[in-house]
Every structure is written in C-alpha cells, then in structure tokens.
Amino acid sequence: MDKWVLIDGNSIIYRAFFAMPPLTNSAGLHTNAVYGFTTMLLKLLEEEKPTHMLVAFDAGKTTFRHEGYEDYKGGREKTPPELSEQFPVLKELLRSFGISQYELPGYEADDIIGTLSRLADEQGVETVVVSGDKDMLQLASDHVTIALTRKGVSEVERYDPAEIDAKYGLKPLQIIDLKGLMGDTSDNIPGIPGVGEKTALKLLHEFGSVEGVLENAAELKGKMKEKVETHRDSAVMSKKLATIYREVPLEKRTDELAYGGYDAQTLADNFRKLEFKSLLERLALPEAAGADAAAVAAAATYDVVSAGELPAAELTALLAASESVYIEAIGDNPHQARLIGLAVAAGDRIAVATYDDLMDGRTAAPLRDWLADEQAPKRGYDLHKAELALGWAGIPLCGIRFDALLAAYLLDPTESSQTLAALIQRFGLAAIQTDEAVYGKGARLQVPAGEALANHLAAKADAVRRLVPLLSAELGKGNMTKLNDELELPLAVVLAGMEKQGIQVNPGVLEELGAELERGIAQYMSDIYSQAGMEFNIHSPKQLGEVLFEKLGLPVIKKTKTGYSTDAEVLEKLEPYSEIVKLILHYRQLTKLQSTYVEGLLKEIRRDTGKVHTYYRQTIAATGRLSSQFPNLQNIPIRLEEGRRIRKAFVPSEAGWSILAADYSQIELRVLAHISGDARMKQAFIEDTDIHTKTAMDVFGVTAENVDANMRRQAKAVNFGIVYGISDFGLSNNLGISRKDAARFIEQYFAVFEGVRAYMDNIVAQARKDGYVTTLLERRRYLPEIKASNFNLRSFAERTAMNTPIQGTAADIIKLAMVKMDAELRTRKLRSRMLLQVHDELVFEVPADELELMKTLVPDVMERAIELDVPLRADVSYGDNWYEAK
DNA sequence: AACGTCACG
DNA sequence: ACGTACGTGACGTTA
C-alpha cells in the first residue's frame with residue numbers, strides 16, 4: 001500500500017521559524033527554522049512511514065492569483081533575512097534526506113499539493129497533507145487527511161472530513177466559502193469586512209455557500225444585509241483567491257516522489273555543518289567526522305603522564321607550574337558525586353591523578369597540599385562543584401583564581417549548554433569528546449579505566465587551559481572582569497561553605513506534620529470519590545479533566561495543549577458549580593506539602609548529621625539569581641499557614657542557638673527607583689513610606705487616610721507589574737479586571753511616575769540598539785528576540801529588557817552582601833554561620849552570645865552592601881526555628 | 001522526557 | 001489579531 005506525504009514547505013518553514021527560539025551555528029548561520037522543519041520531518045517519517053514524499057515550495061513573487069487581484073498577499077511583512085537565508089539550507093538538507101522537492105513558477109505550494117492530492121484521490125492512495133494553513137482543509141477527502149501544525153511544528157492536528165464537520169459543521173469544500181466570507185488578513189484577502197469566523201459559519205450553516213448567501217441577501221437584516229450587499233464582489237473574489245487550483249501542469253511524475261530513505265553519511269555531514277548535535281544522536285549518526293578517540297588524541301599537543309608514575313620532585317614542580325586543573329566528579333548532586341580524579345596542565349605536560357592517587361599512596365600528600373594551598377592558583381571548570389566533591393572526601397580546595405564555567409555564564413547567562421565540550425566548540429577550539437561519549441549515561445554509566453579515562457581528563461584540563469585566556473579577554477571586553485573576580489568567584493567559595501555546613505532539619509516535626517497530612521488527604525480523597533461517584537487518580541490532570549468536564553459537565557475555562565486545564569486558577573472559577581472543586585483544591589494543597597516538603601525533605605536529611613545540604617547553582621538563572629537544588633530551599637512554603645509550618649523543622653544545629661533571618665524590604669522597587677531616577681519614587685523610599693500605599697495615593701489622587709485595602713492591593717499589583725515588565729493583559733489577568741481598565745491604571749501610573757516610564761522606554765530602546773541589557777554591576781543578558789518580527793517573541797524580550805536589570809541588580813546586591821557578610825564573620829571570628837539565601841533574604845544560625853551583635857551586624861552589612869540613591873532596608877527576626885524567625 | 005501543576009522570591 | 005505578566009525546582013502522570 002502506498003502512502004504519500006505532501007508537505008507545504010513555505011508554510012512549515014515559516015511556522016518553524018516563529019516557533020523556535022533563535023539558533024545559529026558557530027559560523028553565524030541561522031538554523032532554527034531548518035531545525036524545526038527537520039524535527040517535524042523525522043516525526044513524519046517515523047509515524048507515517050511514507051512510500052512517497054514531496055515538499056512543495058512557492059516559486060517567485062507573482063502567481064496567477066495576482067493577475068486578478070494585485071494586492072494578493074500584499075501588506076505582508078518582508079520575510080526576515082534570518083529566515084530567507086534558511087531556504088537554500090533547507091533545500092540542500094532535503095536533498096541529503098533523499099526527499100523530493102518541487103516548485104513551479106506562477107503557482108503556490110498549495111496548488112502543487114492540491115493537484116497531487118487530486119491525483120491521490122483519483123488513484124485511491126492514502127495521503128497526508130502537512131501544512132500550517134487552514135485553507136488546506138478544502139483538500140480533505142476519504143483518502144486525504146490534512147495535518148495542521150499546532151503550537152510549534154512537530155505537533156500536528158489531523159483532519160479528515162468528519163473532523164472538519166465536527167469542528168466547523170462544514171464540508172471540506174465549504175472552507176473556501178468560509179474564507180470568501182471572513183477573508184484572511186495574512187494573505188490580504190478581504191472577504192466581507194466585519195464578518196469574522198463566527199458570523200461566517202452562521203451564514204454558511206444557513207445558506208451553504210458564498211453564492212447562497214449572496215442570493216439570499218434580501219433575507220438578512222440591518223447591518224448584516226448592508227455589509228453583504230456592499231461587498232458582494234469582494235466575497236466572490238475572495239472565494240476565488242482562497243480556492244486551491246488543482247490542475248497545475250506538473251512536470252513531475254508521481255513515481256519521482258518515491259522515498260527510499262536517506263544516506264546516513266550525507267545526512268550526518270549536513271547535520272554536522274548545521275551543528276544539529278541532538279539530531280545526530282537521535283539518528284545515531286557519527287558525531288564528528290571520524291571523531292573516534294584516536295582522531296581527538298591526534299589533535300593533542302601535550303603528553304599525558306600519570307601522577308603515580310612521576311617522581312615526587314617532578315610532580316611537585318608540575319603542580320607549582322600548573323596553568324589549569326580539571327577535577328572530575330560524576331553525578332548531578334555534588335554532595336553525593338563520585339570523585340573520579342583530576343588532571344593538571346603545565347606547559348605541554350598534563351599529569352593525571354586517579355581517585356586512588358588522591359586518597360592514599362605516595363601522591364596523595366603532594367596533591368592534597370597543592371589543592372589546599374591558597375597561594376597555589378587554580379584555574380578550572382566548575383570549581384564550586386569540585387570543592388564540594390573534594391570536601392566530602394576530606395580534601396580542601398583553596399586558591400581558586402578562575403573558573404571557566406562562571407566566566408562562560410557571565411558572558412552569556414542564557415546559554416543552555418555550558419559544558420566544556422560546548423564551550424570549546426563555541427570558541428572554535430579543537431573538539432574534545434563529550435562526557436556522554438566517554439562515560440555513557442543513565443543505566444549504562446561506566447567510567448573507563450586507565451588510559452581512556454586519563455586521556456579524557458587530560459583533554460579537559462587542556463581545554464580549560466586554552467579557554468582561560470579567551471574567556472578572560474571576553475570578560476574584559478564586556479566590562480565584567482570585576483564582576484567575575486570580585487563577586488562571582490569569591491561567592492562560589494562562600495556558597496560552598498554554606499552548603500557544606502548545611503542546615504539542621506528536625507525529622508520529628510516533619511513526621512508529625514506528615515501524619516496529620518495523611519489523615520487529611522485520606523478524608524479528602526474519599527470525599528472527592530463520593531462526590532465524583534467513582535474512583536480515579538486525582539493527580540492525573542487527564543482523569544480529573546474527564547471527571548470535571550465530561551462526567552460532571554462543568555464549564556471548560558481554559559485548555560492546555562494536551563487537554564483540559566485544571567490548575568488552581570481554573571478550579572477557583574469553578575467553585576460555584578460544584579462542591580468537589582474546593583475538595584480538590586485542598587487535596588492538592590495537602591499532597592503538595594506531603595510529597596514535596598514532608599517526604600521530599602525527609603529523604604534529603606543526612607542520616608549521620610540530621611542536616612540537609614542544598615546546592616546553590618550559580619550559572620543557571622538568566623538574571624544572575626542563584627537557584628537551589630537537592631533540595632530546593634528557596635521555595636519552602638510561607639504564604640499559607642498550613643505550609644508555613646514546614647519551617648518549624650528548620651532548626652539550629654547546636655543547642656541554645658537561634659535561627660536569624662534578615663530580608664531586604666522592597667529591594668526590587670528600590671533598585672528601580674535608583675536606576676530610573678524617578679524623583680517621586682526615590683522620595684518615597686527616602687522617607688521610608690509604605691510604597692504600595694504611596695503608589696495608591698499618587699495613582700488614585702487621594703490622601704493616605706483615604707487609601708483603602710482594595711486600592712492598596714491594586715497599587716501593589718501595578719508595582720509588581722512594573723517590575724515584571726508591565727502589559728495591560730498581564731495586569732488585567734492578575735487583578736481580574738478588564739484590559740481597558742488595566743491599561744488605564746498603567747497610564748495613570750506612568751503619568752505620575754514619569755521617570756519610570758522614561759526608564760522603561762529607554763531600556764527597551766537600548767536593548768534594541770545594543771542587543772543586550774546590563775545590571776548595575778555590569779552583568780549582561782543578550783536579548784536577540786527584541787528585534788523579532790513575531791509579536792510574542794518581541795514582547796517577551798521587551799518585558800525581559802525591563803525586568804532583568806531590576807531583578808539582576810537585586811541579585812548583584814545580595815551577592816555582594818553575602819561576600820561581605822562572610823568576610824565579617826571571619827574577621828570578627830564569630831561562630832555564627834550563614835546558611836541560606838532566598839533571593840532577598842539571608843538565614844543564619846547564631847549562638848546566644850552573638851545574637852545581639854548579629855541583630856545589628858547582618859542588616860548593617862546588607863544595607864551597606866552598595867550605595868544607591870535610595871536607602872536599602874533589611875528587617876531582622878530570629879527564633880528557635882525558621883518559622884519563628886518571622 | 002515532556003507536561004501540568006504548584007511551591008518560592 | 002496576536003496571547004504573557006519576571007525568575008526558578010520538584011513532584012506525579014503519561015507517553
């Protein structure tokens with residue numbers, strides 16, 4: 001049985017372009033649309049297993065459609081150059097896939113596909129037409145199904161005549177009439193102005209076709225009648241334009257469409273050129289042209305020596321002359337990572353030490369002495385993780401002077417892959433093998449012995465050595481040397497100290513809470529089942545959706561890409577309809593606490609010490625914030641009392657000590673006042689007034705006494721919106737008001753806070769000009785999408801341009817405070833310990849005799865971390881546990 | 001592995 | 001007309 005797949009090339013490449021984030025290979029060639037197209041192709045090949053395949057393209061600028069209507073597809077934005085350059089790339093890639101392609105001057109891709117699908121119908125060949133264009137639905141028949149892209153490109157929705165009927169109540173050919181009536185702005189097809197999809201469908205259900213509507217125009221009433229009569233010609237012409245021409249004189253025989261599979265070598269070459277690594281892997285194609293270990297080693301210009309085989313004096317000399325070090329620890333959680341060994345590069349020699357070399361024998365002492373020597377500089381990669389992995393093996397690491405991972409993060413904090421192999425590629429250096437290639441992954445993780453391991457570690461140390469000067473130079477160009485040397489690098493050491501210290505968690509408190517939750521959960525579960533009249537998995541959004549929206553018939557508020565949405569926002573709207581909704585909300589609340597915070601946290605407690613040791617990641621957040629993992633201690637509940645009780649489990653690790661917490665008050669808005677220079681906002685903070693109340697006063701034009709709770713709440717939401725990069729849509733959603741009202745609010749706000757408005761305008765303009773935004777300490781974030789022609793991408797980038805300097809500067813400030821606080825604790829020889837950071841809050845454990853001092857020292861250091869045009873304020877509290885420190 | 005959901009600032 | 005508030009991580013389900 002033959003199976004044809006016909007692809008509307010232009011439509012799909014456009015979709016792919018706008019759906020995918022920007023992507024370039026190291027030569028600067030844009031590849032995102034080709035990438036998206038390719039993922040879709042692979043999925044089609046896999047799912048459809050076509051015997052024949054064709055990608056049709058539009059040829060040239062004008063088609064027969066322009067003869068009757070010059071403005072056809074007029075007013076379209078020009079194809080962005082980032083996309084145009086991908087057409088030839090795609091065509092070449094299709095050739096290496098062995099997929100036929102076709103274009104014919106004067107015709108569009110739809111006409112070619114229309115003609116082929118007619119042939120398919122005549123011959124009874126099962127066919128799938130793939131496009132992003134709804135017009136294609138007119139081609140659906142018993143043999144031809146239409147696959148329309150949904151979000152993105154690889155997701156498609158299939159339509160046969162029955163589904164079109166179900167969705168629109170139309171026969172496939174009536175899609176043309178639909179277009180004739182409603183038009184299509186993207187193709188500049190006018191239709192009947194004022195008639196949208198709803199009206200058009202209503203008319204068609206009644207009269208069947210454009211002609212039917214026109215004939216019966218007399219039956220229509222009022223405005224509608226007028227509209228139809230004045231635009232008769234437009235409707236007829238629009239219908240004609242929307243009609244796919246199915247008699248194209250094809251110069252291609254259908255047997256030329258036969259698909260016989262791709263040639264792995266050619267395809268692999270092409271993928272490599274485009275740097276589609278994940279696709280190489282997906283098709284199990286060789287990653288580098290002949291990139292076996294031998295080829296990689298051949299590029300090496302160094303000698304690998306085993307530390308154990310080196311005479312003691314030589315080893316010491318090599319360490320003293322070290323230019324770079326690579327310390328290997330396998331595992332995501334550095335507190336549990338398996339220490340593998342290290343490699344030190346000096347001149348053209350690289351010494352490799354295994355785990356055993358580090359742990360005992362002749363080499364252990366000199367290696368450990370060197371690692372612990374503050375005066376012996378270490379330039380490495382991810383030394384924060386290394387410090388922890390070594391630390392748990394009882395080996396201190398000191399003298400950290402440069403970290404390639406940190407530097408790479410500062411240079412581009414949004415880059416998803418900061419692995420050494422990726423970095424090397426970005427800087428055009430000779431490739432090294434990926435960790436996955438050497439160690440495998442998942443269940444097949446296997447660390448090779450002997451030479452293979454030594455070579456890999458050596459290659460990494462060599463990679464670091466070559467990267468250090470390049471990264472340093474780039475940091476210099478970006479004015480980030482100081483940020484790197486004086487903030488991020490010292491902070492990495494401070495963080496490692498906090499993480500090693502850990503925080504005591506009382507399992508008894510959690511277990512008791514867990515037992516209580518268990519009872520509540522069981523009760524809610526049985527109540528939910530009886531309300532539903534059946535048992536089902538409440539955790540499954542799919543099953544829950546079926547129960548709520550099909551069995552119980554509640555109204556559908558929102559859909560996700562896979563089905564009904566059942567999130568809290570939706571459920572709150574459904575509360576009036578059924579009692580089950582509230583039960584589900586409570587059930588969700590309790591199970592969240594139970595699984596994530598009671599059970600999850602209990603699992604992370606070290607049996608021997610009773611502590612949890614989070615891992616702060618310094619190179620993840622695009623704004624410069626930290627993130628926290630294993631466990632995440634930056635999202636412990638606080639907003640609701642039930643969850644807040646979790647904090648009672650976080651206690652001091654020594655008897656008689658206290659937990660002390662200090663948090664910045666309104667740090668982001670203070671930062672905004674500073675960087676925008678808005679006089680009114682600065683004044684508010686200088687006078688230390690309640691900023692939300694002050695905002696309400698100014699926006700609503702009332703005195704302090706006349707600001708009611710609701711006004712303050714709205715002002716607060718506006719302030720949040722300002723920090724996030726405001727939009728009327730976002731604010732209206734948040735406040736549950738109309739978009740118009742939200743827009744009015746924003747306008748009123750900007751009328752008062754003129755400096756803030758100027759800042760928002762300027763920062764977006766600056767991002768457009770420079771391609772990036774910066775924080776007060778010169779942290780940088782690139783925003784390539786600020787120039788996107790796609791509205792969504794561009795708007796997102798604009799909001800990010802507004803938000804990142806604010807959130808990022810706040811992150812800079814608390815990081816500064818942490819480094820300074822750590823220094824204070826040391827120089828004053830205090831026993832108090834800094835344990836946690838939660839974005840605007842620092843948590844300490846403090847012995848009784850230091851409590852009085854710390855109560856003033858911590859906020860002092862935080863408030864003086866940096867001098868702004870407005871004062872910073874930090875509030876302190878303390879107690880027997882984190883809950884009490886409020 | 002991706003998705004939906006929900007915890008935090 | 002388009003459809004999102006900014007930044008994260010963990011869990012359970014489903015494919």
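Order of the sequence lines fixes the chain letters, A, B, ..., with proteins taken first and strands second; residue numbering starts at 1 for each chain.
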Checklist entry - For A/A568, which contact category applies under a 4.0 Å heavy-atom criterion: base, sugar-phosphate, or nothing? => result sugar-phosphate
Checklist entry - Any side-chain N or O of A/T562 under 4.0 Å from OP1/OP2 of B/dG4? => result yes
Item to check | Among A/R644, A/R647, A/K648, side-chain contact (heavy atoms from CB on, under 4.5 Å) partner for A/W882 | outcome: A/R647
Item to check | Euclidean distance for P, C/dA5 against B/dG4 (whole angstrom) | outcome: 13 Å
Checklist entry - Which atom pair, heavy atoms only, marks the closest approach of A/Y616 to A/Q837? => result OH-N, 3.0 Å
Next on the checklist: Just to be sure I understand the rule, does A/I638 reach a base, reach only the sugar-phosphate, or reach nothing, if contact means heavy atoms closer than 4.0 Å?
Outcome noted: sugar-phosphate
Next on the checklist: Please report the distance, rounded to the nearest Å, between CG in A/L626 and P in C/dC6.
Outcome noted: 21 Å
Checklist entry - For C/dT4, does OP1 or OP2 lie under 4.0 Å from any side-chain N or O of A/S795? => result no
Next on the checklist: Between A/Y782 and A/Y772 (judged by ring centroids, cut-off 6.0 Å), do the two rings come close enough to count as a pair?
Outcome noted: yes
Item to check | Interatomic distance, A/N803 CG vs B/dG9 P [rounded to whole Å] | outcome: 16 Å
Checklist entry - Rounding to a whole Å, what distance do you find between A/R15:CZ and C/dC2:P? => result 13 Å
Checklist entry - Between A/N537 and C/dT13, is there a side-chain N or O to OP1/OP2 distance below 4.0 Å? => result yes
Next on the checklist: Side chain of A/I620, heavy atoms from C-beta onward: which of C/dG9, C/dT14, B/dG9 has the nearest atom to it?
Outcome noted: C/dG9
Checklist entry - Has A/F729 got its ring stacked on the base of C/dT4, with centres under 5.5 Å and planes less than 30° apart? => result yes
Checklist entry - Side-chain N or O of A/Q589 less than 4.0 angstrom from OP1 or OP2 on B/dT5? => result no
Next on the checklist: Tell me the interatomic distance from A/N635, atom CG, to B/dT5, atom P, rounded to whole angstroms.
Outcome noted: 18 Å
Next on the checklist: In whole Å, I'd like the distance from the CG atom of A/L585 to the C1' atom of B/dT5.
Outcome noted: 12 Å
Checklist entry - Across the strands shown, which category fits A/E668 at heavy-atom distances under 4.0 angstrom: base, sugar-phosphate, nothing? => result nothing
Item to check | Side chain A/R739 and base C/dG3 donor-acceptor under 3.5 Å | outcome: yes
Checklist entry - Mind checking the P distance from B/dA7 to C/dC2? Whole angstroms is fine. => result 31 Å
Item to check | Among C/dA5, C/dG7, B/dA7, the one nearest A/I726 by side-chain distance | outcome: C/dA5
Checklist entry - Using a cut-off of 4.0 Å on non-hydrogen atoms, how would the nucleic acid contact of A/F791 be classed: base, sugar-phosphate, or nothing? => result base
Checklist entry - When you check the gap from the basic side-chain N to the acidic O, do A/R625 and A/E668 get nearer than 4.0 Å? => result yes
Checklist outcome for this item: Between A/I722 and A/V756 the two heavy atoms that sit nearest each other are CG2-CG1, 4.0 Å
Next on the checklist: It should be established whether A/R617 places a side-chain nitrogen or oxygen under 4.0 Å from OP1 or OP2 of nucleotide C/dT8.
Outcome noted: no
Next on the checklist: Please determine whether any donor N or O and acceptor N or O are separated by less than 3.5 Å between the side chain of A/Q807 and the base of C/dC6.
Outcome noted: yes
Checklist entry - For A/D728 and A/R781, take the nucleotide of DNA chain C holding the closest heavy atom to each; which residue's nucleotide lies nearer the 5' end? => result A/D728
Next on the checklist: Please check: side-chain N/O of A/S628 versus main-chain N/O of A/L633, any donor-acceptor pairing under 3.5 Å?
Outcome noted: yes
Checklist entry - Using a cut-off of 4.0 Å on non-hydrogen atoms, how would the nucleic acid contact of A/G721 be classed: base, sugar-phosphate, or nothing? => result base
Checklist entry - Contact class for A/A717 vs. all strands (heavy atom < 4.0 Å): base, sugar-phosphate, or nothing? => result base
Checklist entry - Which nucleotide, in any strand shown, forms a Watson-Crick or G-U wobble pair with C/dC11, with both distances under 3.5 Å? => result B/dG4
Checklist entry - Counting any heavy atom closer than 4.0 Å, what does A/A622 reach on the DNA or RNA strands: base, sugar-phosphate only, or nothing? => result sugar-phosphate
Next on the checklist: If the cut-off is 4.0 Å, is A/R799 near the phosphate of C/dA5, judged by side-chain N/O to OP1 or OP2?
Outcome noted: no
Item to check | Side-chain ion pair, A/K542 and A/E550, N-O less than 4.0 Å | outcome: no
Checklist outcome for this item: Answer for the Watson-Crick or wobble partner of C/dC6, both distances under 3.5 Å, is B/dG9
Checklist entry - Are OP1 or OP2 of B/dG4 and a side-chain N or O of A/S565 less than 4.0 angstrom apart? => result no
Item to check | A/T804 and A/R781: side chain donor to acceptor below 3.5 Å | outcome: yes
Checklist outcome for this item: Testing B/dA7, C/dT4, C/dC11 for proximity to the side chain of A/S727, the answer is C/dT4
Checklist entry - So what does A/V723 touch, heavy atoms closer than 4.0 Å: a base, only the sugar-phosphate, or nothing? => result nothing
Next on the checklist: So, does A/R625 get its side chain near the phosphate of B/dC8, meaning an N or O under 4.0 Å from OP1 or OP2?
Outcome noted: no
Checklist entry - Taking NZ from A/K592 and P from C/dG9, how many angstroms apart are they, rounded to a whole number? => result 13 Å
Checklist entry - What's the NE2-P distance between A/H539 and B/dT5, to the nearest Å? => result 14 Å
Next on the checklist: Counting the atoms with a prime plus P, OP1 and OP2 as sugar-phosphate, which does A/T566 contact under 4.0 Å by heavy atoms, base, sugar-phosphate, or nothing?
Outcome noted: sugar-phosphate
Checklist entry - How is A/D840 classified with respect to the nucleic acid when contacts are heavy atoms under 4.0 Å: base, sugar-phosphate, or nothing? => result sugar-phosphate
Checklist entry - Which of these nucleotides, C/dA15, C/dA10, C/dT13, is closest to any side-chain atom of A/S540? => result C/dT13
Checklist entry - Think A/S627 has a side-chain N or O under 4.0 angstrom from the OP1 or OP2 of C/dG9? => result yes
Checklist entry - Expressed as a whole number of Å, how far does the P atom of B/dC3 sit from that of C/dT4? => result 15 Å
Checklist entry - Heavy atoms under 4.0 Å, any strand shown: does A/I806 hit a base, just sugar-phosphate, or nothing? => result nothing
Item to check | Atom-to-atom span, CG of A/L601 to P of C/dA10 - whole angstrom | outcome: 12 Å
Checklist entry - Thinking salt bridges, do A/K815 and A/D812 make one under a 4.0 Å N-O criterion? => result no
